[in-house]
Amino acid sequence: MKIQIINGPNLNLLGVREPGIYGSESFDVFLPKLQERYPDMEIDYYQSNVEGELINKMQEAGFSCDGIVLNAGAYTHTSVALHDCIRSLKCPVIEVHISNVHQREEFRHKSMISAACKGVICGFGLDSYRLAIEALRP
């Protein structure tokens with residue numbers, strides 16, 4: 001299986017940004033652990049703070065991968081463009097959030113992308129990514 005993990009804005013700051021919400025581990029430290037746990041899978045990673053770059057990467061991966069794990073960050077709550085992109089892809093997309101967005105500010109309770117995704121996982125810290133990979137397994 002080939003899985004593409006895509007992280008959106010500000011997730012390049014994991015381990016530094018609000019560790020009380022997002023934890024103290026960077027994604028660069030977490031990713032090799034995830035790859036080691038799933039040696040039978042090719043797990044690639046991409047991060048961008050730019051909405052159009054996220055769309056370009058999803059369009060690139062969405063026809064060649066077996067699944068996408070997407071943490072769209074704040075674009076989750078605003079982007080019809082991401083929603084439309086997800087709907088156009090061949091592979092399933094799992095929406096992931098590190099924090100439980102429903103315990104946070106009201107504006108984070110609405111996702112513009114959930115309806116286009118196969119499923120949503122939130123609130124389990126970085127383990128949310130592992131759970132999404134499990135959900136994509138045949």
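Just the heavy atoms: all of them, side chains too, but no hydrogens, waters or symmetry mates, feed the values below.
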Thr76 vs Glu95, side chain to side chain donor-acceptor pair (under 3.5 Å): CA-CA, chis, key distance, verdict: CA-CA 9 Å; Thr76 299; Glu95 177 184 345; 4.6 Å; no
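- With sequence neighbours left out, Tyr75 forms a ring pair (Phe, Tyr, Trp, His ring centres under 6.0 Å) with no residue at all.
- Note: the hydrophobic cluster containing Val120 does not contain Leu82 (ILVMFWY, side chain heavy atoms under 4.5 Å, direct or indirect links).
- Between Phe124 and Tyr129, the ring centre distance reaches or exceeds 6.0 Å.
- No donor-acceptor pair under 3.5 Å is formed between the side chain of Ser114 and the backbone N or O of Ser111.
- In this structure a side-chain-to-backbone donor-acceptor pair under 3.5 Å is missing from Gln4 to Ile68.
- Val69 and Ile6 are members of different hydrophobic clusters when ILVMFWY side chains are connected at heavy-atom separations under 4.5 Å.
- In this structure a side-chain-to-backbone donor-acceptor pair under 3.5 Å is present from Gln47 to Gly8.
- For Arg17 against Pro9, the heavy-atom pair with the smallest separation is NH1-O, 4.4 Å.
- Follow the hydrophobic side-chain contacts under 4.5 Å out from Ile121 and you reach Ile5 in the same cluster.
- Side chains of Asp44 and Glu42 form a contact here, defined as non-hydrogen atoms less than 4.5 Å apart.
- Taking CG of Asn7 as the start and CG of Leu70 as the end, the distance is 8.0 Å to the nearest 0.5 Å.
- Hydrophobic clustering, with ILVMFWY side chains joined whenever heavy atoms are under 4.5 angstrom apart, keeps Ile3 apart from Val93.
- Here the closest heavy-atom approach between residue Pro32 and residue Val29 is recorded as CD-O, 3.4 Å.
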Salt bridge (charged side-chain N to carboxylate O under 4.0 Å, His left out) evaluation trace for Asp66 with Arg137: CA-CA 9 Å; Asp66 297 298; Arg137 289 187 104 163; over 6 Å; no
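- Separation of atoms OG (Ser26) and CG (Leu13) is listed at 11.0 Å; rounding is to 0.5 Å.
- Placement of Met58 and Tyr45 in two distinct hydrophobic clusters is found when ILVMFWY residues are connected by side-chain heavy-atom separations under 4.5 Å, directly or transitively.
- With values rounded to the nearest 0.5 angstrom, Glu36 atom CD is found 11.0 Å from Ile43 atom CD1.
- Side-chain contact between Met41 and Ile133 is present, with heavy atoms from C-beta onward closer than 4.5 Å.
- The closest side-chain heavy-atom distance from Ile94 to Cys117 is not below 4.5 Å.
- Side-chain atoms of Asn71 never come within 3.5 Å of backbone atoms of His97 as a donor-acceptor pair (strictly under, hydrogens ignored).
- For the pair Pro138 and Met1, the tightest heavy-atom approach, listed with the atom from each and the gap, is CD-SD, 3.4 Å.
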Distance-only check: which donor-acceptor pairs under 3.5 Å involve side-chain atoms of residues 84-91, not counting sequence neighbours?
unit_1: Arg87; atom_1: NE; unit_2: His83; atom_2: NE2; d: 3.1
unit_1: Arg87; atom_1: NH2; unit_2: Ala115; atom_2: O; d: 3.3
unit_1: Ser88; atom_1: OG; unit_2: Cys85; atom_2: O; d: 2.6

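- Just one of Asn12, Leu126, Leu11 meets the side-chain contact (heavy atoms from CB on, under 4.5 Å) condition when paired with Phe27; it is Leu126.
- Between Asn100 atom CG and Cys122 atom SG the span is 4.5 Å, to the nearest 0.5 Å.
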Evaluation steps, salt bridge (charged side-chain N to carboxylate O under 4.0 Å, His left out), between Glu134 and Arg37: CA-CA 11 Å; Glu134 287 293 329; Arg37 183 176 185 129; 5.2 Å; no
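- Applying the side-chain hydrogen bond (donor to acceptor under 3.5 Å, both in side chains) rule to Ser128 yields no partners; only residues at least two apart in sequence or on another chain are considered.
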